Amino acid sequence: SGARVRRAHNKRLPQYLERGVDVKFTDVAGLGKIRLELEEIVKFFTHGEMYRRRGVKIPGGILLCGPPGVGKTLLAKAVAGEAGVNFFSISASQFVEIYVGVGASRVRALYQEARENAPSVVFIDELDAVGRERGLIKGSGGQERDATLNQLLVCLDGFEGRGEVITIASTNRPDILDPALVRPGRFDRKIFIPKPGVIGRVEILKVHARKKPMAPDVDYMAVASMTDGMVGAELANIIEVAAIYMMREGRTEITTDDLLQAAQIEERGMLDRKERNPEMWKRVAINEAAMAVVAVNFPDLKNIEFVTISPRAGRELGYVRMKMDNMKFNAGMLSRQSLLDHITVQLAPRAADELWHGEAQLSTIWAETADNARSAARSLVLGGLSQKYYGLNNFWVKDRINDIDSEALRILDICYERAKTILEQNRGLMDAVVDNLVEKKSLTKQEFFNLVELHGNVQPMPPTI
Ligand code: ADP
């Protein structure tokens, strides 16, 4: 009969099934609390009956939101792997075809396969490629996409509440999705996956290190510290590249040095995607080098972990990472001396701009650090740490405000001159650090201190205020 023929016809090999998906939650690192939400999705499969009996609605779709490479695909696979169900995947850009009807029929085929092989996870990568708000694209391309999107909505609705097929989609732009997609019963659950922090990066590196011959004393924190802004995909790549360095030199273990070198290469790749002209690179290099060069003169600040001019997450300029004594800092127990040193370091970019470019060519690159210096100077005076105002309470209020400001300015002046003097004494070191930064974009602790050793003229110089 017709029905039998159709069934036989449907027995073709599934096109969108990914075989051998064997990912577990332990393969995904640095997720923190997000993991709980995903464990719940696994339960929709493993304890589906229980949810249904108690009348709890199982979401039809889950949206994983976040930048590329943070592990959205990996997570979707881990959900399927943990639940022991089939994994079907497609990239939404494959839906978008120039021929009307092709995208829609692919969506239908995908869901038909997923249902025939249920329970299953359907994963749609880059949902925004097809899920953009309808009507925004003009012409026949737009029509085709609308047809595809409509088909997707139909398929999503078809599974509502069943818990047999759950759709997971990824996107970096949840804000531009068609409102119909995020209606209840469709993609009604959003999970945000941010870039990993430093601890997350350590964990991700360790997950990927499991399968590699790592030296027992590898310093993952050192690698994590210099990979600010990187995502899982980039960190995984660092381990691969480090393994190649090991092989090249005929060694049997991957060392911290291999990893640091690989991290620099990865970072270069990241930088090539950012536009800056040579003059801008140099300006940023002078800015960051100045802070590092001045900081090595001070006991509480000289612990420089790395210096970079690569644009980092949330920072347009570069970054000097100093290991401060956090205990002291948090307890408000920094001495007057180290506060003055801090102010001096924060004024170094301004001083360097004047020394290297001259008064007439000053930029505003140092505006942020100068602000830090100003507020630190004010707190120093208000905190009664400035010698001149130990007996602050004896002043009339009106006089006090003016006096505090003028005392803060006096301290800023002294620290500024001090920054300038240190930079002038260390022109050789500055040039070396700037050249190296422009060339390599970042310096590890070791590289920086090698330059200090070679060119530095460190003469600790307490200020008198
Ligand atoms: P996305 O889908 O967010 O673009 P992927 O899941 O495709 O990112 O990540 C690419 C690769 O990067 C993964 O296969 C994995 O090797 C690595 N990766 C990304 N994030 C993580 C993570 N949180 N833990 C472990 N590995 C990760």
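The structure presented is a predicted model; accordingly, all values stated were derived computationally and were not measured. We count ligands from 1, going down the list as the structure has it; atoms in each ligand are counted the same way.
The protein heavy atom nearest to atom 16 (O) of ligand 1 is His208 CE1, 3.1 Å. Protein heavy atom in closest approach to atom 6 (O) of ligand 1: Leu74 N, 2.9 Å. Looking at atom 8 (O) of ligand 1, its nearest protein heavy atom turns out to be Gly71 N, 3.2 Å. Looking only at protein heavy atoms, the nearest one to atom 4 (O) of ligand 1 is Gly69 N, 2.7 Å. When hydrogens are left out, the protein atom nearest atom 24 (N) of ligand 1 is Ala29 N, 2.9 Å; that is the closest non-hydrogen contact. From the protein, the heavy atom lying nearest to atom 10 (C) of ligand 1 is Ala233 CB, 3.9 Å.
At least one heavy atom of Asp27 sits less than 4.0 Å from an atom of ligand 1. For Ser170, the closest heavy-atom approach to ligand 1 does not fall below 4.0 Å. Taking a 4.0 Å cut-off on heavy atoms, Glu203 fails to register as neighbouring ligand 1.
Remark: ligand 1 and Ala236 share no N or O pair separated by less than 3.5 Å (distance only, no angle test). The distance criterion of under 3.5 Å between nitrogen or oxygen atoms is not met by Asp125 with respect to ligand 1.
Seen from the ring of Trp356, Lys282 does not count as a face-on cation partner, given the 6.0 Å and 45° thresholds.
Annotation: Arg210, atom CZ; neighbour count of heavy atoms from other residues, nucleotides and ligands within 6.0 Å is above 12.
By heavy-atom distance, the residue among Ile239, Thr73, Asn237 lying nearest atom 2 (O) of ligand 1 is Thr73.
Checking side-chain atoms of Thr444 against main-chain N and O of Glu447 turns up a donor-acceptor pair under 3.5 Å. Under the 3.5 Å distance criterion, the side-chain polar atoms of Asn117 are matched with a main-chain donor or acceptor of Glu113. Although no hydrogens or angles enter the test, the distance criterion places a donor-acceptor pair under 3.5 Å between the side chain of Glu82 and the main chain of Phe25.
Taking the six-membered ring where the residue is Trp, Phe44 and Tyr51 present perpendicular rings, their angle passing 60° and hence far from 30°.
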| said: Could you walk me through whether Lys43 and Glu40 satisfy the salt bridge (Lys or Arg N to Asp or Glu O under 4.0 Å) test, starting with their C-alpha distance in whole Å, then the side-chain angles of each, then the deciding distance to 0.1 Å, before giving a yes or no? | reply: CA-CA 5 Å; Lys43 276 203 198 140; Glu40 192 186 12; over 6 Å; no
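Listed by first then second residue, pairs satisfying side-chain hydrogen bond (donor to acceptor under 3.5 Å, both in side chains) with a partner in residues 213-224 number zero, not counting sequence neighbours.
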